[in-house]
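In what follows, a structure is listed as structure tokens, so that the remarks can point back to it.
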Amino acid sequence: MTQRQRTTVRRLMDAYGRTHAEEAGIRLRNTPAPLYQLLTLCVLFSVRIRADIAVAAARELFGAGLRTPRAMADSSWQDRVDALGRAHYRRYDESTATALGAGAGLVLDAYRGDLRRLRDEADGDPERIRELLREVPRIGPVGADIFCREAQTVWPELRPSFDDRAREATAELGLPRSPEGLARLVDTEDLPRLAAALVRFGLSGNAAEDLLA
């Protein structure tokens with residue numbers, strides 16, 4: 001890693017390196033509840049809505065006690081709509097409330113409420129993990145990519161997870177484009193933060209010169 005790359009990564013992480021899970025108050029561990037909360041967050045991100053509103057919606061759902069698939073499945077559709085509404089999750093509140101209820105049912109039925117069983121079914125294959133995630137209502141390629149970016153700290157087979165959105169800004173920043181090259185820039189525990197920082201920088205509209213000024 002060159003000195004310029006080292007400086008770029010440090011400033012990038014300082015300015016943009018907070019994961020969605022951190023913002024939503026999820027203490028990510030390889031246990032059922034936080035993994036399900038991450039899945040819920042990914043459902044919320046899987047429509048065209050601002051990131052801060054999706055995070056606020058997750059916080060409202062979790063604050064209402066909907067932190068596990070059982071709690072989500074047992075909640076009423078109106079309770080879910082109301083929680084989303086408090087976060088100003090407009091236009092998609094009713095359809096997302098339906099998707100959350102259906103997704104909780106799928107996680108309970110297919111994996112007995114524990115997404116580690118999804119991981120076991122994939123047998124260590126990252127692409128198979130993505131395929132199984134996309135079976136959850138509302139989760140598409142973007143939602144599956146977000147889950148894998150964030151979960152790579154606790155599911156090592158996902159490392160290094162830098163999807164196309166994370167790699168779009170690498171040329172401008174003078175950083176490697178390959179996931180393996182990016183992974184060499186930070187410690188393993190910081191991989192999700194670097195991936196998040198690259199995505200956020202790309203969405204910010206700022207130029208690399210602004211970051212390095």
Side-chain angles (χ1 to χ4, degrees), residues 1-30 34-35 37-59 119 125-127 129-131 133-134 138-213:
M1 177 166 52
T2 66
Q3 183 58 46
R4 179 181 174 84
Q5 288 176 331
R6 187 174 291 109
T7 300
T8 298
V9 169
R10 185 181 71 252
R11 294 185 179 179
L12 185 69
M13 298 274 276
D14 287 345
Y16 301 102
R18 196 169 186 217
T19 68
H20 295 313
E22 288 172 334
E23 288 187 325
I26 302 170
R27 295 183 178 182
L28 195 56
R29 300 184 302 278
N30 189 32
L35 289 171
Q37 290 160 24
L38 177 59
L39 183 72
T40 297
L41 183 61
C42 293
V43 170
L44 297 169
F45 267 100
S46 293
V47 296
R48 291 184 177 275
I49 202 157
R50 290 200 337 245
D52 60 328
I53 292 178
V55 167
R59 284 187 167 273
R119 181 190 184 192
D125 182 351
E127 285 309 309
I129 288 174
R130 287 178 168 84
E131 289 175 6
L133 288 169
R134 291 197 296 269
R138 188 59 67 81
I139 295 285
V142 170
D145 283 343
I146 293 172
F147 187 98
C148 292
R149 285 203 313 257
E150 304 252 344
Q152 62 183 310
T153 50
V154 293
W155 289 3
E157 66 270 28
L158 295 174
R159 302 174 195 156
S161 187
F162 293 92
D163 54 63
D164 290 345
R165 294 178 73 203
R167 288 182 285 152
E168 283 176 359
T170 54
E172 181 183 358
L173 291 167
L175 299 178
R177 179 166 174 80
S178 72
E180 294 76 16
L182 289 167
R184 288 193 287 269
L185 301 177
V186 295
D187 294 334
T188 299
E189 61 268 22
D190 285 328
L191 289 172
R193 292 184 59 231
L194 177 58
L198 287 166
V199 172
R200 290 176 188 274
F201 174 78
L203 294 173
S204 72
N206 293 332
E209 290 77 9
D210 298 328
L211 185 70
L212 298 173

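Put simply, the side chain of V142 does not reach to within 4.5 Å of the side chain of D163, judged on heavy atoms. A heavy-atom distance below 4.5 Å is not found between the side chains of I26 and T19. Counting heavy atoms from C-beta on, the side chains of T7 and T2 never come closer than 4.5 Å. A 4.5 Å side-chain heavy-atom check between L35 and W155 finds at least one atom pair inside the cut-off. Looking at P176 and Q5, their side chains come closer than 4.5 Å, going by heavy atoms from C-beta outward. Residues R119 and N30 meet the side-chain proximity criterion, which asks for heavy atoms closer than 4.5 Å. The side-chain heavy atoms of I139 and F147, taken from C-beta on, include no pair separated by under 4.5 Å.
At least one donor-acceptor pair under 3.5 Å links the side chain of E150 to the backbone N or O of A21. Side-chain atoms of E168 do not come within 3.5 Å of backbone N or O of G202 as any donor-acceptor pair. At distances below 3.5 Å, at least one donor-acceptor pair connects side-chain atoms of R159 with backbone N or O atoms of Q152.
Distance check, rounded to the nearest 0.5 Å: CG of L198 to CE of M13 gives 9.0 Å. In this structure, CD on Q37 lies 11.0 Å from CG on L39, to the nearest 0.5 angstrom. Between atom CG of residue L194 and atom OH of residue Y16 there is a gap of 14.0 Å, rounded to the nearest 0.5 Å. Between L173 atom CG and R11 atom CZ the span is 12.5 Å, to the nearest 0.5 Å.
Shown here is R6, whose CZ atom has more than 12 heavy atoms of other residues, nucleotides or ligands within 6.0 Å.
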Please lay out, stage by stage, how L44 and V55 fare under the test side-chain contact (heavy atoms from CB on, under 4.5 Å). CA-CA 8 Å; L44 297 169; V55 167; over 6 Å; no
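D14 meets the salt bridge (Lys or Arg N to Asp or Glu O under 4.0 Å) test with no other residue; sequence neighbours excluded. Legend: residues meeting salt bridge (Lys or Arg N to Asp or Glu O under 4.0 Å) with R50, ordered by chain and number and at least two apart, are D52. Considering only residues two or more places apart in sequence or on other chains, E131 meets the side-chain hydrogen bond (donor to acceptor under 3.5 Å, both in side chains) condition with R128. Annotation: side-chain hydrogen bond (donor to acceptor under 3.5 Å, both in side chains) contacts of E23 (sequence neighbours excluded): R200. S161 is linked by a side-chain hydrogen bond (donor to acceptor under 3.5 Å, both in side chains) to R130, counting only residues two or more places apart in sequence or in another chain.
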Cut-off 3.5 Å, no hydrogens considered: what does the side-chain donor-acceptor table look like for residues 177-190, sequence neighbours left out?
unit_1 : atom_1 : unit_2 : atom_2 : d
R177   : NH1    : R167   : O      : 2.8
S178   : OG     : G181   : N      : 2.9
D190   : OD1    : R193   : NH1    : 3.4

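When all heavy atoms of L41 and A54 are compared, the pair lying nearest together is CD1-O, 4.1 Å. Between R138 and S46 the shortest heavy-atom distance is O-CB, 3.2 Å. Pairing each heavy atom of E157 with each of P126, the nearest pair is O-CG, 3.1 Å. Listed here is the closest heavy atom pair of A151 and L158: CB-CD1, 4.0 Å. Residues C148 and I129 share a closest heavy-atom pair of SG-CG2, 4.4 Å.
Between R165 and D145 there is no salt bridge, since no side-chain N of the basic residue sits under 4.0 Å from a carboxylate O of the acidic one.
Using cut-offs of 30° and 60° on the angle between ring planes, the pair H20 and F45 is tilted.
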